[in-house]
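A short write-up of the structure that comes next.
Please read all numbers here as calculations on a predicted model, not as lab measurements. Whatever order the structure lists them in is the order used to number ligands and atoms, beginning at 1.
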Amino acid sequence: MQDTNPLYTTYLTVTQKAADINYASAVLGWDQETYMPPKGAEARGRQLATLASMAHQLLTGTYYGALLHSLSEQEYLFDTEKSNVAHSLDDYEKNSKLSPEFVEEMSMQTSECFNAWIAARKQNDFSVFAPSLAKMIALKRKQAELYGYTCHPYDALLDDYEKGITVATLDPLFQGIKEQLPPILDKIKAAKQVSNGCFHQHFPKEKQWNFGIDVLKRMGYDFEAGRQDYSEHPFTTSFAATDVRITTRVDENNFASMLWSCIHEGGHALYEQGLPENQYGLPLGSPVSLGIHESQSRFWENCIGRGRAFWEFFLSATTSLFPRTA
Ligand SMILES: [Zn+2]
């Protein structure tokens, strides 16, 4: 049996400490979108920015860089360890291109953008959000320049979500879809239309909530390792594989809104709850890419939630919970 390399133990200490900070930020971010009172917005913005720069400093320190370089030359590491080190070294090289000030500014702007978006949504007025969005786009352009790229500035940013994917790969893919979708859409439009009027009746909020919880339980979402709350826009966030939060919103006149969001976020959450607990805070304990993440949520939402088998199972529960009133 091979012992853990002492250098690798040091790597774990630093990397997981940075993860502690990032997950603590995620708790504050979750609270920002669920329970935080409006007057807390400014203080929350600075708290998140401070934590972001603390984690950044840990993950870009010269000591951490040297540690990763020497670990990447070690032969006697387990495959999982080698993989964690390779991913962390990649992240280190990328993170090092951003200054702590830039990371702080980006974090502050993200919070400001969120607050402006909430205000714009309440007032139904895009102009309330537009200036914050413009600032965010400018910062993102700057980030792309700092990261550097060979062909297209967006390649630099895409890499954060899908490692190695480029505009040159994606453009032909979307072009192909663009050519195939309109004829399918035309066929659908020309076919006999099915009414979704049943979704647009009055569905009391509390009953919808309970139904959503039941669906999540049957999907296998572990409420001992997560919870659901309300938010303006449904999302999933994670503080460890053992604490994965989801949110939903309820429209009393549209049953579908709550239902699809519940199943969709439930799909994201199942993926996060399934990540290996013994890889806490390490690359192998983190989602591999946004595409894989979204594939899980869409699979549950579209292939299962919109499937016949799902409704054969849930239809009687739905109609007895919501007897036809019209
Ligand atoms: Zn999603």
Side-chain angles (χ1 to χ4, degrees), residues 22-23 25-35 48 110-111 113-114 117-118 120-121 129 133 136-137 140 154 157-165 167 169-170 173-174 177-178 181 196 199 208-209 211-223 225-251 254-276 283-307 310-311 314:
N22 283 330
Y23 285 135
S25 292
V27 178
L28 291 182
W30 167 81
D31 175 74
Q32 186 181 44
E33 294 200 43
T34 49
Y35 295 107
L48 284 168
T110 305
S111 293
C113 243
F114 172 71
W117 175 77
I118 291 280
R121 196 176 148 84
F129 180 51
L133 181 63
M136 179 51 95
I137 292 171
K140 280 285 170 192
Y154 195 48
L157 302 176
L158 261 174
D159 192 73
D160 277 348
Y161 300 97
E162 297 292 327
K163 205 159 264 308
I165 207 94
V167 170
T169 314
L170 289 183
L173 178 80
F174 285 120
I177 294 172
K178 220 165 146 185
L181 277 184
N196 66 351
F199 279 136
Q208 283 201 50
W209 174 267
F211 185 76
I213 297 284
D214 185 43
V215 170
L216 285 165
K217 280 183 184 160
R218 288 177 192 276
M219 282 171 66
Y221 175 75
D222 180 2
F223 276 90
R227 51 177 287 139
Q228 181 172 252
D229 293 88
Y230 288 114
S231 69
E232 282 294 326
H233 187 79
F235 67 91
T236 303
T237 186
S238 167
F239 319 136
T242 45
D243 191 351
V244 181
R245 311 285 176 97
I246 53 175
T247 67
T248 192
R249 63 178 169 211
V250 171
D251 177 345
N254 183 1
F255 183 62
S257 166
M258 179 285 303
L259 183 65
W260 303 138
S261 101
C262 242
I263 300 174
H264 182 99
E265 300 308 326
H268 278 302
L270 284 179
Y271 176 50
E272 295 263 0
Q273 286 185 337
L275 290 170
L284 292 188
S286 313
V288 68
S289 82
L290 198 67
I292 292 294
H293 226 303
E294 201 60 25
S295 74
Q296 304 305 296
S297 56
R298 298 271 158 188
F299 171 72
W300 274 98
E301 180 189 347
N302 295 330
C303 301
I304 296 181
R306 288 183 163 89
F310 180 93
W311 283 104
F314 275 109

**Message:** With side chain to side chain contact (heavy atoms under 4.5 Å, CB included) as the test, pick out the partner of Thr236 among Val244, Thr247, Leu270.
**Reply:**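 Of the listed residues Val244, Thr247, Leu270, the side chain to side chain contact (heavy atoms under 4.5 Å, CB included) partner of Thr236 is Val244.
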**Request:** For a side chain to side chain contact (heavy atoms under 4.5 Å, CB included) with Cys262, tell me which candidate from Leu216, Val215, Val250 qualifies.
**Result:**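 The option that passes is Leu216.
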**Message:** Using a 3.5 Å distance criterion without hydrogens, assess whether the side chain of Arg227 forms a donor-acceptor pair with backbone atoms of Arg245.
**Reply:**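 Side chain of Arg227 to backbone of Arg245, a donor-acceptor pair under 3.5 Å: no, none is there.
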**Distance, nearest 0.5 Å, that separates CE of Met258 from CZ of Phe199** =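 Going from the CE atom of Met258 to the CZ atom of Phe199 covers 9.5 Å.
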**Prompt:** Nearest 0.5 Å, what's the OG-CG distance between Ser289 and Asp160?
**Reply:**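 One finds 12.5 Å between OG of Ser289 and CG of Asp160.
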**Message:** Using a 6.0 Å cut-off, check whether atom NZ of Lys163 has over 12 heavy atoms from anything other than its own residue.
**Reply:**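 Yes, NZ of Lys163 has more than 12 neighbouring heavy atoms, counting only those of other groups under 6.0 Å.
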**Asked** Protein N, O or S atoms at less than 2.8 Å from the Zn ion (ligand 1), how many?
**Response**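 Step by step: take the Zn ion (ligand 1), keep protein N, O, S below 2.8 Å, and you get 4.
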